[in-house]
Amino acid sequence: MEQNNQKNKNKAPEQDLNEIVKIRREKLAALKEAGNDPFVITKFDFDNDSANIKANFTEFENKTVKIAGRIVARRIMGKASFVGLSDSTGKIQLYVRRDDVGEDVYASFKKWDIGDIVGVEGFVFKTQTGEISVHAQSITLLSKSLLPLPEKFHGLTNNDLRFRQRYVDLIMNENVKRNFVIRSQFIKFMRKYLDDMKYIEVETPVLNTIVGGAAARPFITHHNTLGIPMYMRIATELPLKRLIVGGMDRVYEIGRIFRNEGMDPKHNPEFTTVELYQAYADFHDMMDIAEGIISGAAKEILGTYEVEWMGEKIDLTPGWRRLTMVDAVKEYAGIDFGAITDDAEAVAAAEAIGVELADTADKTWGNALYACFDQRVEEKLIQPTFITMYPVEVSPLTKASPEDPRLTERFELFICHSELANAYSELNDPIVQRERFMKQLELRERGDDEAEMLDEDFLTAMEYGMPPTGGMGIGIDRAVMLLTNSDTIREVILFPTMKPLD
């Protein structure tokens, strides 16, 4: 496309921002004084977009179209000009000629700026260089940009500024919008997948009087009318399981979760998950669903099971590996916990390879196994792998294995050493659940403020009878990171949490 004159890039020194803003405000004032205030326009009836015109040029050639968008490039000449227009689907070139739009309009048009939003009516053609363009027959200023966009040659590359000013990021960086289109497509695919399985989408409270459903620190607020503290939810698990008790046998919720925890490339204080629960199912059924959603979405959205993420080539072809935690630690860390029965021996084996248990953790076989996995194995899991049979100590809401009561029917899905899903054969024995909650209270008393809190109403619900149930949570943000090859969660959250500027 015909671009801005190269000499515009070589201006030195660059025009002062305050001066640019002053000039643009003066232009707006002049427009208003002349009775051409763009901000009084309430609507523009466009009938096409850049992507459709380019994809169907033979159909549109010499046909009149109406399009609208933002000026992102221009080459102003005496009697005719070329303009780059960006809309929600891409970019297209405009050819604006004085004799077509009128002398007064053209004179005004030449004073418009990059960043201004315009509406155009004209016919589609190809330039001598073969670029599909719209020959403007009328052009209208719809909104005046008072702040200049980043200079096109350098773009918007500062990540901190990109995340703070996502609106500018979306204007300047075409690939950014793609990430969020894929995010929307992934959620749409997941909804259809679950709806087709006869799941019902529901909504549960964001504000709760008690924390539960996960091990995490909550955000705490205060309800003025009730005069009580309330907690932003850290999971949707317990309300959804109440619905299982109530006879809603297949439920899911796509919702925002809030955790008062650290921030790093994989964590943001607010994030999005889907949690789903199915009566008369177990964690094996949940594995099938997790694999079906993520692999199916890759094929549907990207057209392939082969993706790249964090420098690794990932194969999402169905048939993912399923590995018990005991076998994973044996394979990757060299300790056979299956041959160890004594707690002290298990802790010693972990310490022998430099693994330390958390200060608040009991010195047990299960905690030693989990610490070895967490510190020596997880980072080695690149291809999709379901790690199953977690120790009961780290799974307070999970049903114990009938074969080994030290373990639970739980899995976590790891891809490229990142956890994408967590699922259980849900504990449905209210007596055992109370014992597990009491153990969590002991951990809180020792200083573990992420341990589960006692939820009496949930126990009451369980006492009415909860069927065998499979439940799962999938991190939507991380799944989208995988599908978009993003190395930080901030690339897939439109407005990530940022520390305020001083």
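The model shown is predicted, which means the values in this text are computed figures rather than measured ones.
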Discussion item. For Arg70 and Leu149: C-alpha separation, side-chain torsions, deciding distance, then whether side chain to side chain contact (heavy atoms under 4.5 Å, CB included) applies.
Written reply: CA-CA 11 Å; Arg70 185 183 301 272; Leu149 294 174; 4.2 Å; yes
Strictly by ring-ring contact (aromatic ring centres under 6.0 Å, His included), give each pair with a member in [range] just once, sequence neighbours left out.
{"range": "residues 164-206", "value": "none"}
{"range": "residues 216-235", "value": "none"}
{"range": "residues 124-149", "value": "Tyr95-His135, Phe123-His135, Phe125-His135"}

Partner residues of [X] under the side chain to side chain contact (heavy atoms under 4.5 Å, CB included) criterion, sequence neighbours left out:
{"X": "Leu31", "value": "Asn36, Pro38, Ser108, Leu141"}
{"X": "Ala51", "value": "Asp49, Thr89"}
{"X": "Thr221", "value": "Leu207, Met230"}

Practice prompt. Please list all pairs passing the salt bridge (Lys or Arg N to Asp or Glu O under 4.0 Å) test where one or both residues lie in residues 265-275, with sequence neighbours left out.
Written response: Arg256-Glu270
[atom1]/[X] to [atom2]/[Y] distance, rounded to the nearest 0.5 angstrom?
{"X": "Lys126", "Y": "Glu61", "atom1": "NZ", "atom2": "CD", "value": "7.5 Å"}
{"X": "Thr236", "Y": "Ile254", "atom1": "OG1", "atom2": "CD1", "value": "10.5 Å"}
{"X": "Thr469", "Y": "Asp285", "atom1": "OG1", "atom2": "CG", "value": "11.0 Å"}
{"X": "Met481", "Y": "Ile493", "atom1": "CE", "atom2": "CD1", "value": "9.0 Å"}

Extract all donor-acceptor atom pairs below 3.5 Å that involve side chains of residues 78-86 and protein atoms in other chains or at least two apart in sequence.
from, atom 1, to, atom 2, distance (Å)
Ser81, OG, Met77, N, 3.2
Ser81, OG, Tyr106, OH, 2.7

List the atom pairs, donor and acceptor, that lie under 3.5 Å between side-chain atoms in residues 299-308 and the rest of the protein, sequence neighbours left out.
from, atom 1, to, atom 2, distance (Å)
Thr304, OG1, Glu306, N, 2.9
Glu308, OE2, Lys313, NZ, 2.8

Worksheet item: Hey, what's the ring geometry for Phe109 with Trp112, parallel, tilted or perpendicular (30° and 60° as the breaks)?
Response: perpendicular
What residues, two or more places apart in sequence or in another chain, satisfy side-chain hydrogen bond (donor to acceptor under 3.5 Å, both in side chains) together with [X]?
{"X": "Asp315", "value": "Thr317"}
{"X": "Tyr390", "value": "Glu412"}
{"X": "Asp169", "value": "Arg162, Arg166, Asn173"}

Between [X] and [Y]: side-chain donor-acceptor atoms closer than 3.5 Å:
{"X": "Asn52", "Y": "Asn56", "value": "yes"}
{"X": "Arg490", "Y": "Asn159", "value": "no"}
{"X": "Asp87", "Y": "Ser50", "value": "yes"}
{"X": "Arg478", "Y": "Thr272", "value": "no"}
{"X": "Gln93", "Y": "Ser133", "value": "yes"}

Practice prompt. Indicate the atoms forming the closest heavy-atom contact of Thr484 with Ser486, along with that distance.
Written response: OG1-OG, 2.8 Å
Practice prompt. Please report the C-alpha distance between Val274 and Arg191 in whole Å, then the side-chain angles of each, then the deciding distance to 0.1 Å, and finally whether the side chain to side chain contact (heavy atoms under 4.5 Å, CB included) criterion is met.
Written response: CA-CA 10 Å; Val274 59; Arg191 274 199 169 98; over 6 Å; no
Discussion item. Applying the side chain to side chain contact (heavy atoms under 4.5 Å, CB included) criterion to Met287, which one of Thr388, Asp282, Leu413 satisfies it?
Written reply: Thr388
